[in-house]
Number of protein chains: 2
Amino acid sequence: MVHPSPAVEEIVSTLRGAAKRVTVPKRTVAQVLVDAPGHLTVEEITHAVQKWQPEVSQSTVYRILEEFEALKIVVHSHMAQHAAVYHLAGTTHGHLICSQCGVAFEVPASHFDHLSKELLRNFGFRLDRHHLAITGTCRQCRERAGD
Amino acid sequence: MVHPSPAVEEIVSTLRGAAKRVTVPKRTVAQVLVDAPGHLTVEEITHAVQKWQPEVSQSTVYRILEEFEALKIVVHSHMAQHAAVYHLAGTTHGHLICSQCGVAFEVPASHFDHLSKELLRNFGFRLDRHHLAITGTCRQCRERAGD
DNA sequence: TTGCCTGCAAATCCTTTGCACTTTT
DNA sequence: AAAAGTGCAAAGGATTTGCAGGCAA
């Protein structure tokens, strides 16, 4: 944690605003999430945290992510039968997961507007746009399969 | 397995067609799935099977469901962080899962046509309509929350 | 008879929890 | 000092796997 970024300080403010304590493990998890490009599993987050703070345990990371999610600092999705992945909240988007190769990528939430309205109108169901993961086949795997 | 239904015999034919062996556990799982109204967890399937065949083990049920899925006899979805649920294939539909109360219900695949086309056009991603599970909030929970 | 299937138990993977100890406030 | 947070290890639930014996073909 040599260079605390402004984004980390924002998260710290959120913690203080919620009367949560600001600790070294929490700052480190925040920094890792800010630095991370995309989605990370808990294990990946733990490893990254432990590069700076080797004593931080995985169960602590789980507890911190749980708290961060309650404060809407992060969101997570479940990838098929595999481990959950976390990333910073803020940009609402859906996740497309290729069931062939496993890649996950994000699409703007606007693509779900139509579906969202339809499900609300027809079923009274409000789609959770922060927690949307859809499986299918990505372009590369489709082309490889001759689709 | 006192009354093997025609639907079970169809499944048996599929097994034979794939050079798979037809066993008592497989017949029983097939019958349970045919009799079941909706989505069942592996545990529920195992319990139902064991009413008829108490010696059938849960790991066998897992293996049978895996085989049935490869043969497109069943499909499964993952409900948030909980166990997977299985049901007979055939009717393509999506699953809506309420993250508040946990209920899961089905909606016709046609509701995903628009999204499906958009994802394919924009991202080359082919949505898997047999394996679609979307989280959100159901009508009852929304009303209870005053939404 | 052959080798696919099965039962059992143990192993694995991801996640949660109990408890004593350490920090933050 | 009080309360919240943490580390460790053990527990937990879901799913997979190794292996010896059993049954369909």
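Note on naming: letters A, B, ... go to the chains in the order of the sequence lines (proteins, then strands), and numbering restarts at 1 for each one.
- Under the side chain to side chain donor-acceptor pair (under 3.5 Å) criterion, A/Asp113 pairs with A/Arg129, not counting sequence neighbours.
- With sequence neighbours left out, A/Arg126 forms a salt bridge (Lys or Arg N to Asp or Glu O under 4.0 Å) with B/Asp147.
- Under the side-chain contact (heavy atoms from CB on, under 4.5 Å) criterion, B/Glu44 pairs with B/Leu40, B/Thr41, not counting sequence neighbours.
- The side chain to side chain contact (heavy atoms under 4.5 Å, CB included) test with A/Val29 is passed by exactly one of A/Thr46, A/Ile11, A/Val74, A/Ile64: A/Ile64.
- With sequence neighbours excluded, the residues that form a ring pair (Phe, Tyr, Trp, His ring centres under 6.0 Å) with B/Tyr86 are B/His76.
- The CD1-P distance, from B/Ile64 to C/dC5, rounds to 10 Å in whole Å.
- In this structure, A/Glu43 reaches neither bases nor backbone, as no heavy-atom distance under 4.0 Å exists between it and the strands shown.
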*Would you mind building the protein contact string for nucleotides 19-25 of chain C? One character per nucleotide, 5' to 3', B for base within reach (heavy atoms under 4.0 Å), S for sugar-phosphate only, - for untouched.*
-----BS
*Could you go through the side-chain contact (heavy atoms from CB on, under 4.5 Å) check for B/Leu115 and A/His114 one step at a time?*
CA-CA 7 Å; B/Leu115 176 67; A/His114 180 90; over 6 Å; no
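- Residues passing the side-chain contact (heavy atoms from CB on, under 4.5 Å) test with B/Ser13, sequence neighbours excluded: none.
- Regarding A/Gln53, its CD atom lies at a distance of 13 Å from the P atom of D/dC8, rounded to whole Å.
- B/Ala70 pairs by the side-chain contact (heavy atoms from CB on, under 4.5 Å) definition with nothing, not counting sequence neighbours.
- Checking D/dG7, C/dT16, D/dT16 against the side-chain heavy atoms of B/Ser59 singles out D/dT16 as nearest.
- Rounded to whole Å, the distance from CD on B/Glu44 to P on D/dT15 is 12 Å.
- Contact annotation: A/Thr60 side-chain N/O to D/dG7 OP1/OP2 distance is under 4.0 Å.
- Protein atom CD of A/Gln50 is 13 Å distant from nucleotide atom C1' of D/dC8, rounded to whole Å.
- Under the ring pair (Phe, Tyr, Trp, His ring centres under 6.0 Å) criterion, B/His47 pairs with no residue, sequence neighbours left out.
- Residue contacts for B/Glu66: at a heavy-atom cut-off of 4.0 Å it reaches no nucleic acid atom on any strand shown.
- Rounded to a whole Å, the CG atom of A/Leu71 is 10 Å from the P atom of D/dG5.
- Of the candidate nucleotides C/dC14, D/dT6, D/dT15, D/dT15 has the atom lying nearest to any side-chain atom of B/Tyr62.
- Where B/Pro54 and B/Lys26 each meet DNA chain C at their nearest nucleotide, the meeting point lying more 5' is that of B/Lys26.
- Comparing the end axes of the helix from C/dT1-D/dA25 to C/dT25-D/dA1, each fitted to five base pairs by superposing C1' atoms of four pairs onto the next four, gives an inter-axis angle of 30° (nearest 10 degrees).
- Atom pair A/Gln58:CD and D/dA10:P shows a separation of 17 Å (rounding to whole Å applied).
- Counting to the nearest Å, the C1' atom of D/dG5 and the CZ atom of A/Phe68 are 12 Å from each other.
- Taking atom CG on B/Leu65 and atom C1' on D/dA14, their separation rounds to 13 Å, with Å as the unit.
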